[in-house]
Amino acid sequence: MSRARVLSTAGLNSIIAVHLRHGQLIDAVGLFRDNPHHLDTKSWNLILSGYARSGCIECAQKWFDEMPHKDVVSWNTMMACFKRAGDSLNAFRQFLEIVRSGLRPTGSTLATVITASVPGSAMLPQLHAIAIRMAFASNTFVGTALIGGYASLKDPTSFRRVFDEIRVKNLVSWTALIIGYMELGSVVEARQAFKTMPERNVVAWTAMINGYIDNDSLDDAKRCFDQMPEKNVVAWTSMIKGYERGGQFAEALNLFIEMHRCCSIKPNQFTYSATLSVCARCCSFVAGRSVHALLLKSGLPLDMILSSSLVDMYGRCGDIDSAVQVFESMKVHNLVSWNSMIGCYARHGLSKRALEGFKRMKEEGVQPDHVTFICILTACVHGGLVEEGERYFQSMHREFEIEPRMEHYGCMVDLLGRAGQLDEAERLIKGMPLEPDMVIWGALIGGCRLHSSLEYGLSAVESIQRLEKDHPAIYSMMLRVYGDRGNWNKVDELKEIMEKVGVRRKQQGTSWVESPLIVQR
DNA sequence: GTAGGGTTAG
């Protein structure tokens, strides 16, 4: 109906914009196609921004290429599209094209290219120089982008100067300053900025909460959270994540319940995945299942991340069947959901199923990453699959171009050590391109202990002592090795040393049974 | 176009 009516270009554009605001990209494109004679560059740009926001770079690129006339906004939008996709190289190329084509960059051109450049990039001072030359240094957007850039370069002096030079500072600039200070651990300066800023919104408050959390000041974060004049779902989710990070799982779950009770703010996908992760971390099946039930009742669509969180939660809580059920109900699997599923099998010693999973994953065209291989190698360790483990380990580099990290070597040493192939294990360690850490030597000592091998154990102990003196684990391990050999002189000698340096015989452990995991109230 | 929140290993 309204589509058939002849519209002015301005009218058409505003209707397209309304469609886009409501996420109705198809309708917007339809309107565009139906009115070929009433379009201008702005109409083209609107649709381009629609494609860019939809996250489909290919669609945006195709549209961009078809445009009969591109202005600087078109280029900016395309550049922002690359930035969103994390493709900083193409974003930067886009910027160069703008400069080369003789178009005059705008403030947003510079702001976008600055935020698109890789954090900590050496390009920043040059981009800053361009901004100054083009008289954009006092531009609000450019200045705010520069603050984040200098924060990633760990240069507080520069971002403070950039901030001071912004002519019209808004909430966003102040918040960027706070985040910059917090990222560098300058909590005092961040707090000062927060106090000084002329007005504060939820975002600024949340930036403070997240900053405190990142700087391990959970109490300050909670105080901030309680003081907030109005909380939104982001603030709640941040605080839940904060408690999770601090290992305060019961507090995290209680906060989720409290949020649920306070009916004005509904948890969203972010909140649910964060809370499920809390349940997974503390292996609380009861809580996890309840959160799953609430999630289903909420009517939120199960997206990739939520499903993966569920798989992981059930997997860690020991309900393998439910993990499989969620996993198999997913229409598509991605890297993380596969890792969660394979990790679940590996943790429960279902090595064969883990390896079958790996095969299926490849058949589905999902490329494994280093996490996948940690799961796979762990599965081999639990199943005592030495040869398979070695084969997968070799394939990492050969087939998948993934360089083994410390954790992978740790798995391999563990695998070989348990199998009694201590010479192999030691050879692997000696040939590592990385400096072996405590975990690696600990894994070797574990194998030595299992097979009562003194010679490899001793060389491991020497190496550990070079790394870190008086680690309690070495002493207790070596005590056992010497004890097994009946070398009581050495046992006494070691005990004496332990006494002298004041090493506790065992590191303090914590009990799951006694921890307050059950959600109160 | 500039600021805040989600999943996987150890």
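Chain identifiers are assigned alphabetically (A, B, ...) following the order of the sequence lines, protein sequences preceding nucleic acid strands; residue numbering begins at 1 within each chain.
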Does a distance-only test, which skips hydrogens and angles, find a donor-acceptor pair under 3.5 Å between the side chain of A:Asn232 and the base of B:dG5?
-> no

Which nucleotide in B:dA3, B:dG6, B:dG4 has an atom nearest any side-chain atom of A:Val202 = B:dG4

Counting side-chain heavy atoms from CB outward, which of B:dG1, B:dG4, B:dG6 is closest to A:Leu306?
-> B:dG6

For B:dT8, does OP1 or OP2 lie under 4.0 Å from any side-chain N or O of A:Arg281?
-> yes

Could you tell me whether A:Asn76 contacts a base, only the sugar-phosphate backbone, or nothing, with contacts defined as non-hydrogen atoms closer than 4.0 Å?
-> nothing

Taking the six-membered ring for Trp, are A:Tyr51 and A:Trp63 parallel (under 30°), tilted (30 to 60°) or perpendicular (over 60°)?
-> tilted

Closest to side chain of A:Asn201, choosing from B:dA3, B:dT2, B:dG6 = B:dA3

Donor-acceptor pair between A:Thr140 and A:Asn170 side chains, under 3.5 angstrom | no

Ignoring hydrogens and angles, does a donor from either the side chain of A:Glu407 or the base of B:dG10 sit under 3.5 Å from an acceptor on the other?
-> yes

Do other residues, nucleotides or ligands put more than 12 heavy atoms under 6.0 Å from A:Lys169 NZ?
-> yes

Nearest of B:dG6, B:dA9, B:dG1 to any side-chain atom of A:Thr112?
-> B:dG1

Testing B:dT8, B:dT2, B:dG5 for proximity to the side chain of A:Val371, the answer is B:dT8

Between the base of B:dG5 and the side chain of A:Asn210, is there any donor-acceptor pair under 3.5 Å?
-> no

Nucleic acid contacts of residues 315-323 of chain A, taken as heavy-atom distances under 4.0 Å to DNA chain B | A:Arg316

Between atom OH in A:Tyr150 and atom P in B:dT2, what is the gap in whole Å?
-> 19 Å

Using the ring of A:Phe194 (Phe, Tyr or Trp, six-membered ring only), decide whether A:Arg200 places NZ or CZ under 6.0 Å from its centre and within 45 degrees of its axis.
-> yes

Selected nucleotide, minimal atom distance to A:Lys83 side chain, candidates B:dA9, B:dT7, B:dT2 = B:dT2

Do A:Ser238 and B:dG5 have a side chain to base donor-acceptor pair shorter than 3.5 Å?
-> no

Answer with base, sugar-phosphate or nothing: what part of the nucleic acid does A:Val233 contact at a heavy-atom distance below 4.0 Å?
-> base

Base, sugar-phosphate, or nothing: which does A:Asn268 touch, judged by heavy atoms less than 4.0 Å apart?
-> base

May I ask you to say what A:Ala80 touches in the nucleic acid, namely base, sugar-phosphate or nothing, with a heavy-atom cut-off under 4.0 Å?
-> sugar-phosphate

Counting side-chain heavy atoms from CB outward, which of B:dG6, B:dA3, B:dG4 is closest to A:Thr175?
-> B:dA3

Charged N to carboxylate O below 4.0 Å: is that the case for A:Glu97 and A:Arg93?
-> no

Is a side-chain donor-acceptor pair under 3.5 Å present for A:Asn76 with A:Thr106?
-> yes

Note: A:Arg360-A:Glu328 ion pair, threshold 4.0 Å (strictly below) | yes

For the residue pair A:Glu364 and A:Trp338, confirm or rule out a side-chain donor-acceptor distance under 3.5 Å.
-> yes

By salt bridge (charged side-chain N to carboxylate O under 4.0 Å, His left out) - contacts of A:Lys70 (at least two apart) | none

Listed in order of residue number, which residues of residues 158-172 of chain A have a non-hydrogen atom at under 4.0 Å from DNA chain B?
-> A:Asn170, A:Val172

The nucleotide from B:dG6, B:dT2, B:dT8 with an atom nearest the side chain of A:Val336 is B:dT8

N-O pairing of A:Arg223 and A:Asp226 below 4.0 Å | no

Select one nucleotide: of B:dA9, B:dG4, B:dG5, the one nearest the side-chain heavy atoms of A:Phe270.
-> B:dG5

May I ask you to say what A:Arg347 touches in the nucleic acid, namely base, sugar-phosphate or nothing, with a heavy-atom cut-off under 4.0 Å?
-> sugar-phosphate

